[in-house]
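No experiment lies behind these values; they were computed from the predicted model shown.
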Amino acid sequence: MSLVLKSNVIATVSLGNLNGINGSQDWLYFADLENLNILKKVPGSIDSKDATDLFANAGTLNMLAKPITMTKLGGESFISAATDLRFLLDKKTGRYGLAAESNARANFISLSTAPANQTVTVPASSAICASVVGTGSMTLTSANFDKAYVVTEDNPVSVMPVSTSVGFDISVTISGPLSHAQIERPSGLTSVASKISTPEAPAANNILRGLDQIQLKQSIVDELKSSNSDGITVLFQHIPYQLLDEVRTAVFVERRFEIVNSDTSRNTLMITAAKDRSFTTRQAQWSSANIETAAALGGGGNIAAGKGTVCAITVKAGSFLTSINGGNTATSALTTGIADINSMIFAPQPQSTHGGGSGGSGIITKVVLYKKAMTSTELKQLSASWL
């Protein structure tokens, strides 16, 4: 006689995908950047890696703006070199990950770490974003605003000027203690950037923080390509950094993933998110002259608050396939093959043919790399991970 124990609870997660990947587990690298758990599969075991083993920052961060990096508990420090990887905690959603802010923004507040009443002059702009840190508040008034706006730490604001074609003055009134204040031109994005430090005027308005350009290290790209005629698959999650609801009826936030080939063509996945967080995906191929030569539409769905977008991309001979958040797969042709890839970029600089596109402001929380191609069905399943 034997004793049989039987549970009446139905399992929702198998031991095979405790990492949250909804699909193939035969990955080469799994980077849980949110928990700084980065793994590589080797024959017979799994090795631990550091973020700097996989990723590089080829951006143009300006050290005068004192770009920050953060711990998972929110502790802040200044990076020591413009090419350092930065990590950010989005206090609005509680998400943490690798900084991918691809907008070179400036802060128009003078002496941002000890803000006082002042008047700032901003150029013509489609919108103004404002944020503060501290228990006090910042009130913004202007003849070019429809009303006064009060900014607190828990309530950053985005304001559409009455006229977007002219520069104008903003009267800034500080109430209570603030350790940081920021007024930015978001270039069409609805997100607040990480801190940009400024000294006294007039230099304040001239300091651009610069941008992060997060890409796989060349050694990793070469490893993915080596002895590989099948293809490469990349799965990653991107969380918008402090996405704001604002007065515009349609706001577009773009996020991109680019594969740059040895002939300098740029094979680009572009995700465009509207104010209501619905999105479409547009996949396009740019030649060395930055001219769009092929495009396809695909995906579509909703970006869940705090979960952002999950992108699954397969590159193989002759084609580039993508799926976003479990959406339908989009496909476009490639003029080059796997062997011609020389970089894979998660936060590229804006390209002029994107219609004045403004990049993306956010954090990358997870990246999974496969040394093989996936089918459309597999990509759709993968892109439903972590949602």
ask   = Mind checking whether Tyr29 and Tyr370 have ring centres under 6.0 Å apart?
value = no

key: N/O donor-acceptor pair under 3.5 Å between Thr233 side chain and Lys372 backbone   = yes

query = Aromatic rings Phe87 and Tyr96: how do their planes relate, parallel, tilted or perpendicular, breaks at 30° and 60°?
reply = parallel

task = Indicate whether any N or O donor in one side chain lies under 3.5 Å from an N or O acceptor in the other, for Thr121 and Asp169.
result = yes

Ser194 versus Arg86, side-chain donor and acceptor atoms under 3.5 Å = yes

request  = Report yes or no: does Asn144 contribute a side-chain atom to a donor-acceptor pair with the main-chain N or O of Phe168 at less than 3.5 Å?
outcome  = no

inquiry  = Tell me which one of Val315, Leu216, Ile338 satisfies side chain to side chain contact (heavy atoms under 4.5 Å, CB included) with Leu224.
reply    = Leu216

message = I'd like to know if the side chain of Asp230 and the backbone of Ala373 have a donor-acceptor N/O pair within less than 3.5 Å.
response = yes

key: Ser112 backbone acceptor or donor facing Gln182 side chain under 3.5 Å   = no

request  = Taking atom types as modelled, find out whether Asn19 and Gln25 have a side-chain donor-acceptor pair closer than 3.5 angstrom.
outcome  = yes

task = Could you tell me whether the side chains of Ser323 and Ser383 share a donor-acceptor contact shorter than 3.5 Å?
result = yes

request  = Take the angle between the ring planes of Phe30 and Trp27 and call it parallel below 30°, perpendicular above 60°, tilted in between.
outcome  = tilted

query = Is a donor on one side and an acceptor on the other found under 3.5 Å between the side chain of Gln118 and the backbone of Ala116?
reply = yes

task = Ignoring hydrogens and angles, tell me if any N or O in the side chain of Ser385 forms a donor-acceptor pair with the backbone of Asn22 under 3.5 Å.
result = yes

ask   = Are the side chain of Asn62 and the backbone of Leu64 linked by a donor-acceptor contact shorter than 3.5 Å?
value = yes

ask   = Judged by atom type as modelled, is there a donor-acceptor pair below 3.5 Å linking the side chain of Glu76 to the main-chain atoms of Gly74?
value = no

key: Side-chain donor/acceptor of Asp53 to backbone N/O of Asp50, under 3.5 Å   = yes

request  = Say whether, by atom type as modelled, one donor and one acceptor occur between the side chain of Asn107 and the main chain of Thr198 under 3.5 angstrom.
outcome  = no

request  = Establish, from distance only, whether the side-chain atoms of Ser226 and Asp222 form a donor-acceptor pair under 3.5 Å.
outcome  = no

ask   = Side chains of Leu33 and Ile364: does their closest heavy-atom pair fall under 4.5 Å?
value = yes

Residue pairs involving residues 33-43 (criterion salt bridge (Lys or Arg N to Asp or Glu O under 4.0 Å); sequence neighbours excluded) = Glu34-Arg95, Glu34-Lys366, Lys40-Glu223

query = Side chains of Thr69 and Asp84: closer than 4.5 Å at any heavy-atom pair?
reply = no

